[in-house]
Number of protein chains: 2
Amino acid sequence: MSLFLSTSINKVDKKGRVSVPSTFRAALGDDVHHGIVIFRSLQVDALDACSLKHLDILSQSLEKLSLTPEMYELIETTIFGGSVQCAIDADGRIIIPEHFMEAVGIDDEAAFVGRRRTFQIWNPKKFKAFETKARDAVRSHNISLSKIIADASALNGGE
Amino acid sequence: MSLFLSTSINKVDKKGRVSVPSTFRAALGDDVHHGIVIFRSLQVDALDACSLKHLDILSQSLEKLSLTPEMYELIETTIFGGSVQCAIDADGRIIIPEHFMEAVGIDDEAAFVGRRRTFQIWNPKKFKAFETKARDAVRSHNISLSKIIADASALNGGE
DNA sequence: TGATAACCCATAAAATTCCATGCTATACCA
DNA sequence: TGGTATAGCATGGAATTTTATGGGTTATCA
């Protein structure tokens with residue numbers, strides 16, 4: 001079971017190269033050879049990324065939603081039209097296209113944030129601010145993790 | 001199934017290594033090979049930990065809760081972005097990332113506290129204080145374990 | 001031909017593996 | 001029963017490997 005977990009901050013060198021965290025590369029498995037797909041997040045000021053295979057799964061599940069043709073068109077253009085496939089070199093690095101870097105304000109450092117099947121790439125400072133806010137919001141909604149876990153256990157017959 | 005029970009305090013060496021109590025490793029069963037997942041508790045000043053499999057169950061149950069997309073987004077970031085997968089080495093040890101140690105104030109000793117399907121990792125002194133306070137709170141509410149057990153039995157038709 | 005991307009190599013830091021030691025609880029035996 | 005071997009565990013340190021990151025060199029393609 002390989003998921004993208006945890007957050008790590010890596011440097012972007014003069015040539016625009018960044019190391020993809022080794023744990024993420026491991027999670028990709030054989031898919032590393034096909035590189036990763038990057039597109040702008042629709043929700044937050046960051047980039048979304050996943051394996052090529054996962055993008056395929058995403059598009060399939062999109063088809064199952066009953067979206068209006070206009071909405072579908074919109075998503076197609078935004079996500080698939082705006083996505084780029086990035087090769088991962090022998091040293092585990094990618095080059096994020098210039099316009100993406102600018103769009104989300106990444107310069108000399110990039111934060112890789114795991115989100116299970118996908119991950120995000122942030123400007124570390126922006127992410128930190130977002131994380132702090134997110135943490136407070138989750139806490140203030142009194143969503144207790146242990147409660148969720150208890151529910152999870154119940155769903156699985158208490159096993 | 002095997003649960004995480006009881007508390008034990010182990011030393012953190014110079015390299016940041018700590019032994020996971022053998023009883024906890026036993027409770028993990030085959031899941032030891034995937035290591036454990038650690039994240040900051042949303043409630044207390046400690047770390048939460050569970051098996052990778054349990055995190056998967058957790059994420060499934062998250063999907064089933066009727067959360068707003070925004071809240072879902074926040075939780076995903078907080079939990080999955082804020083968690084790390086820690087490998088358990090051949091000697092039964094893990095390395096807790098530096099920033100986690102700092103965040104909850106663990107230095108040379110760590111208390112492993114069983115919480116059935118998950119466990120927590122505390123600074124031993126902080127845990128002791130917390131435990132004392134919790135105990136007092138429970139007592140002041142006049143809650144007794146035997147009463148809880150009696151109530152539970154009644155719910156199950158005296159079985 | 002000039003910029004960009006792909007490839008190759010070097011290095012320091014960090015993580016992982018391997019081995020040694022002392023301690024404790026348990027099993028075994030006279 | 002008392003003493004001794006044994007196995008498992010926590011812990012320390014050394015050796016080895018992996019990773020991130022920098023730099024140079026060669027293809028590639030407008």
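Because the structure is predicted, anything quoted here is derived from the model rather than measured. Below, read A as the first sequence line, B as the second, and so on, with proteins coming before strands; counting in each chain starts at 1.
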Requested in this report: For A:Gln85 and A:His34, indicate whether the former's side chain and the latter's backbone hold a donor-acceptor pair under 3.5 Å.
Outcome: yes
Query - Rounded distance in Å - CD (B:Gln85) to C1' (C:dT16) - result: 15 Å
**Report entry** Nearest heavy atoms of A:Phe112 and A:Val18, plus distance in Å
**Finding:** CE1-CG1, 3.9 Å
Short N/O separations, protein against nucleotides 21-24 of chain C, under 3.5 angstrom:
none

Query raised in the report: Are side-chain heavy atoms of B:Phe39 and A:Leu5 found at a separation under 4.5 Å?
Result: no
Query raised in the report: In whole Å, what is the span from the CD1 atom of A:Ile88 to the P atom of C:dA5?
Result: 16 Å
Query raised in the report: Any chance NE2 of B:His141 has more than 12 other-residue heavy atoms, nucleotides or ligands included, within less than 6.0 Å?
Result: no
Report task. Round to a whole Å and report the spacing from CD1 of A:Ile95 to P of D:dT28. Result -> 16 Å
Requested in this report: Check whether any side-chain heavy atom of B:Val44 lies under 4.5 Å from a side-chain heavy atom of B:Gln120, and answer yes or no.
Outcome: yes
**Report entry** Pairing residues for B:Asp136 by the salt bridge (charged side-chain N to carboxylate O under 4.0 Å, His left out) criterion, not counting sequence neighbours
**Finding:** B:Arg139
Report summary line: DNA chain C nearest-nucleotide lookup for A:Lys15 and B:Ala90: closer to the 5′ end is A:Lys15
Query - N/O donor-acceptor pair under 3.5 Å between B:Arg25 side chain and B:Val20 backbone - result: yes
Query raised in the report: When you check the gap from the basic side-chain N to the acidic O, do B:Glu76 and A:Arg117 get nearer than 4.0 Å?
Result: no
**Report entry** Axis-to-axis angle between the two ends of the helix from C:dT1-D:dA30 to C:dA30-D:dT1 (five base pairs per end, rounded to 10 degrees)
**Finding:** 30°
Query raised in the report: Looking at residues 99-109 of chain A, who's got a heavy atom less than 4.0 Å off DNA chain D?
Result: none
Requested in this report: Without swapping roles, check the side chain of A:Asn123 against the backbone of A:Gly105 for a donor-acceptor pair under 3.5 Å.
Outcome: yes
Report task. Answer yes or no: are there more than 12 heavy-atom neighbours, outside A:Asp30 itself, under 6.0 Å from its atom CG? Result -> no
**Report entry** Nearest atoms (heavy-atom pairs only) where A:Ala49 meets A:Ile38
**Finding:** CB-CG1, 4.1 Å
Requested in this report: Anything under 30° is parallel, anything over 60° is perpendicular, the rest tilted; go ahead and classify B:Phe119 against B:Phe4.
Outcome: perpendicular
Query raised in the report: Atom CZ of A:Phe24 and atom P of D:dT19: how far apart are they, to the nearest Å?
Result: 14 Å
Kindly list each side-chain donor-acceptor pair under 3.5 angstrom involving residues 86-98 of chain B, sequence neighbours excluded, with atom names and distances?
from    : atom 1 : to      : atom 2 : distance (Å)
B:Asp89 : OD1    : B:Asp91 : N      : 2.8
B:Asp89 : OD1    : B:Gly92 : N      : 3.0
B:Asp89 : OD1    : B:Arg93 : N      : 2.9
B:Asp91 : OD2    : B:Arg93 : NH2    : 3.4

Query - Nearest-angstrom distance from the residue atom CD1 of A:Ile94 to P of D:dA20 - result: 12 Å
Atom pairs, protein N/O to nucleotides 9-12 of chain D N/O, distance under 3.5 Å:
from   : atom 1 : to      : atom 2 : distance (Å)
D:dA10 : OP1    : B:Ser22 : N      : 3.3
D:dA10 : OP2    : B:Arg25 : NH1    : 3.0
D:dT11 : OP1    : B:Lys11 : N      : 3.4
D:dT11 : OP2    : B:Lys11 : N      : 3.1
D:dG12 : N7     : B:Arg93 : NH1    : 3.0
D:dG12 : O6     : B:Arg93 : NH2    : 2.7

